[in-house]
Protein chains: 2
Amino acid sequence: MTDHKIRNMEEFAALSGLSRPTISKYFNDPASVRARTREQIEDALSRYEFRPNIYAMNQNRSLTKIVGIAVPYLADPFFAEIARTLERRCIDAGFSPILYSAHGQQKLENDILSGLAALKPAGVFLAPLGRLSDRGAIERFCRDVPTVLFDSNIEGMGEAFVGSDNYSFVRQTVDYLCRTGAPPAFFEMKTPANPNANKRRKAYLKVMADAGLEPQVIQIEGEGWGFEEIGRRGAHELIEKRALPTDTILCSNDRLAIGFLAGCYERGLRVGRGEGCALRVASHDDHPFSRFTCPALTTAAHEYELVADKCMQTLFSLIEAGGRFATRDETLIPARLILRASA
Amino acid sequence: MTDHKIRNMEEFAALSGLSRPTISKYFNDPASVRARTREQIEDALSRYEFRPNIYAMNQNRSLTKIVGIAVPYLADPFFAEIARTLERRCIDAGFSPILYSAHGQQKLENDILSGLAALKPAGVFLAPLGRLSDRGAIERFCRDVPTVLFDSNIEGMGEAFVGSDNYSFVRQTVDYLCRTGAPPAFFEMKTPANPNANKRRKAYLKVMADAGLEPQVIQIEGEGWGFEEIGRRGAHELIEKRALPTDTILCSNDRLAIGFLAGCYERGLRVGRGEGCALRVASHDDHPFSRFTCPALTTAAHEYELVADKCMQTLFSLIEAGGRFATRDETLIPARLILRASA
DNA sequence: GAATTTTCTTTACGCGCGTAAATTACTGAG
DNA sequence: CTCAGTAATTTACGCGCGTAAAGAAAATTC
C-alpha cells in the first residue's frame with residue numbers, strides 16, 4: 001500500500017494505466033468492464049486506496065446509489081430491528097442506506113422527506129407515522145421518488161406496500177386463546193397513531209364474529225409514543241375499577257402489553273396460563289423485549305427477514321421498472337405464533 | 001407559491017433580483033448578508049421554493065454541514081435515545097445529522113468510518129464498539145475528521161470524550177444499597193464489550209473497599225449484544241446452584257438487569273425491597289424499559305440531555321478551533337439515582 | 001457631505017466526475 | 001488472416017455551485 005494520496009479519478013486512472021472514462025464506468029458498475037480490466041483496476045485499488053468523490057459522482061447522476069430508510073420512531077426497538085435488517089440488505093445489494101427517524105413528529109417526517117428528495121435516492125423505504133402523517137407531503141414525495149411503504153399502509157401512497165397481515169396476526173392469537181381458555185377481550189389505545197391498530201381491532205371483531213363469540217373491546221386514553229406507560233396505566237385503571245370483562249386480554253401490540261404486564265405485576269395480579277394465575281395476556285409484534293417480560297409474552301411475531309427480503313425485492317423491481325408500477329403492489333406477510341408463559 | 005420549477009441558483013438569483021454569489025453566501029450563512037438582503041431572499045424563497053443542490057454545494061467545500069452520529073448498536077434503546085437527542089441538537093444548530101449503527105460488528109464500524117470520512121463532515125459523534133473496535137481504523141479516522149467520542153472512551157482517540165462518570169453511577173447505587181440493606185454483589189458479563197463495564201467494576205471495588213466491605217463480583221459467560229438473555233441465563237444458573245452470595249445484586253447495566261429480573265421471575269424468586277422479597281436488584285443506565293420491568297428497576301440514570309448538550313458544545317468548540325484541541329478534552333457527567341421497586 | 005467601511009455585483013475560474021461521440025485497439029470466429 | 005463485434009481511449013462539454021478579485025453601490029461614521 002503506497003500512501004501517496006490520490007486526488008481524483010484522473011490521477012488514479014493514470015496510476016492504473018487506464019483512462020478516466022473506463023474507471024468511471026467501473027465505479028458505476030464493475031461488471032461493465034472486461035474481466036481483465038476489472039482486475040487491473042482492483043489491483044490498483046488495493047495498492048492506492050482511492051474512492052471517487054461522492055458529491056461529484058452524484059451531481060451528474062439522475063439516480064444515485066442511495067436508499068433512504070425512514071421510520072416513525074427509532075427508539076421503538078421494533079423499528080430499530082426492521083431498519084437494521086433493511087440496512088443490511090441494502091449494503092449487500094451495493095446501496096448506501098441512510099436511516100431517518102421522524103421521532104413521532106409530523107414536521108420531522110416532512111423535513112426528512114424533503115431532505116431525502118434532494119438526495120435523489122435510487123429508492124426509499126418509508127414507514128410513515130400513520131395518522132399523524134401529512135398525506136399531501138407524502139404524496140408529493142412519492143411522485144418524485146420511487147417509494148416502497150412498509151409497516152403502515154396509507155392507501156394509494158407509494159408504488160408498493162409491504163407489511164404484516166394483521167388479520168393473520170389476530171386470527172392466530174385469538175384462535176389460540178379461544179382454544180386454550182376464555183375468549184379474549186381486545187385491549188388498545190383509543191386513538192392509535194398507527195393504522196395497523198385499526199386493522200387489528202377490525203380483525204379481532206371479525207374473528208370473534210366468525211366464531212360466534214361476543215367481542216369485547218377495551219379502549220384506553222392516551223396519546224403519543226409512550227405505549228408502555230399507557231398500557232401500564234390501563235392495567236391499573238381496569239384492575240382498580242374491576243373492569244376486566246374476562247380473564248384473557250389480547251393487547252393490540254407488545255409495547256402496550258409490556259406496560260400492561262408491569263401494571264398487573266404492580267397490582268399483584270399473577271399473569272400466565274398456569275394455575276394460580278388470575279389473567280392471561282397475549283399480544284402482537286414479538287417485540288425484542290417481549291421474551292423478557294414477567295411472564296414472558298405470548299405473541300404473534302413479524303417475520304422480520306421475510307418483510308425485509310420482500311421490501312428489497314420490491315424496490316429492486318421498482319427501480320428496474322423505472323420508478324413506476326402499473327398497479328400498486330401490496331404484500332401482506334402472515335404472522336408466526338410465539339407461545340410463551342403469559343397465555 | 002408559484003410552482004415553476006427552479007433549476008439552479010443562477011435562476012433563483014435572477015428571480016430574487018440578486019446575484020448568484022450573494023445567494024450562495026446566504027446559504028452558507030444567512031447572517032453573512034445584510035438584513036434587508038436576507039429578507040429579500042427569504043421572500044423569494046417563500047414564493048419559489050428553491051434548495052441548492054447538495055452535491056454541488058458540498059463538492060467544493062472543505063467542510064460540509066453534515067454531522068455524523070455513529071453508535072455501536074442502535075437496536076439498544078439506550079443508544080437510540082442518545083442518538084435521538086443528539087440528532088435534535090444537530091438540527092437545531094443547523095446541521096444535517098446522519099445516523100449510523102455498527103450493529104455490533106467491527107467490519108461495519110470500519111465501513112461506516114471510511115464512508116463517513118468521504119462525506120467530509122463538519123464533525124462526528126462516535127460511540128465506538130469498544131473492545132471490538134479497530135483502534136487503528138478509529139485513529140486514522142480521527143486524524144481526518146473532527147471527532148467527539150461519547151459513551152465509551154478509547155484512550156487518546158478523538159479530540160474529546162463526553163461520557164458518564166461511572167464512578168458516580170456506582171457510588172450512588174452502592175451507597176444507597178448499603179444504606180438500606182445488605183451490601184451488593186456486582187453482577188456482570190465476563191468479557192464485556194464496552195469499557196464502561198470495566199470502569200464500573202473497578203468503581204464497585206473501590207467504593208466497597210472505601211467502605212471497608214468485602215466485594216463480591218459475579219461474572220457470567222456470554223458474548224455479543226444479547227445482554228438480556230445473558231442476564232436471564234445468569235439468574236437461572238445462580239439460583240439453581242444456590243450461588244447468590246448475598247440478597248442484594250447490583251447489575252453492571254440495565255439490560256443485564258432486565259434479563260436477570262426475568263430469570264428471577266421465572267424461578268419464582270420475588271425481587272424488591274418489601275417484605276416477602278428474597279432479593280434486591282439494582283443497576284445502571286435508566287434504560288427506557290427499566291421502569292416497566294417487574295418489579296420496576298432501581299437504577300442510576302444518564303443525564304441524556306446534559307450529555308447531548310455537552311457533546312454539541314464540545315463539537316462546536318472543536319469546529320471553531322479548526323478541528324483540533326491543544327489537549328484532549330474529557331467530560332464525565334454524574335448520574336442521577338432513580339429509586340423504584342426493585343431495591 | 002466627504003471619507004470610510006461594508007455589502008453587493010460582475011466576471012471568471014475551478015472542482016471532480018458523468019457522459020457522449022469519434023476513434024483506435026483488442027477479441028474471437030471462420 | 002480477415003472481419004465483425006466488443007471494449008477502451010481520446011476529446012470535449014456540462015453539471016451546479018464555491019470562491020476569488022475588482023469594482024460599484026450602499027451604509028455608516030464623523
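A, B, ... follow the sequence lines: proteins, then strands. Residue 1 opens every chain.
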Rounded to the nearest 0.5 Å, how far does OG1 of A:Thr147 lie from CG of A:Leu318? 8.0 Å
I'd like a list of close polar pairs between nucleotides 4-7 of chain C and the protein, N/O only, cut-off under 3.5 Å.
| residue | atom | partner | partner atom | Å |
| --- | --- | --- | --- | --- |
| C:dT7 | O3' | B:Arg34 | NE | 3.4 |
| C:dT7 | O3' | B:Arg34 | NH2 | 3.4 |

Check whether any side-chain N or O of B:Thr22 sits under 4.0 Å from OP1 or OP2 of C:dT9, and answer yes or no. yes
B:Glu305/B:Arg89 ion pair, N-O < 4.0 Å: yes
Using 4.0 Å as the upper bound for N to carboxylate O, is an ion pair formed by A:Arg324 and A:Glu159? yes
Between [Y] and [X], is there a side-chain donor-acceptor contact under 3.5 Å, judged purely by atom types and distance?
{"X": "B:Arg140", "Y": "B:Ser114", "answer": "no"}
{"X": "B:Glu81", "Y": "B:His302", "answer": "no"}
{"X": "B:Ser133", "Y": "B:Glu109", "answer": "yes"}
{"X": "B:Arg61", "Y": "B:Asn28", "answer": "yes"}

Of B:Leu18 and B:Asn60, the one whose nearest nucleotide on DNA chain C sits closer to the 5' end is B:Leu18
I'd like to check A:Met9 versus A:Ser24 (side-chain heavy atoms, cut-off strictly below 4.5 Å). Are they in contact? yes
Chain B contact limits on DNA chain D, taken 5' to 3' with a cut-off of 4.0 angstrom to heavy atoms: D:dG16 to D:dA27
Students often get this wrong, so: under 4.0 angstrom with heavy atoms, is A:Asn28 touching a base, only sugar-phosphate, or nothing? sugar-phosphate
Whichever of B:Pro52 and A:Arg36 has the more 5' nearest nucleotide on DNA chain D, that residue is A:Arg36
Find which nucleotide of DNA chain D each of A:Arg20 and A:Arg38 is nearest to by heavy atoms, and output the residue with the more 5' nucleotide. A:Arg38
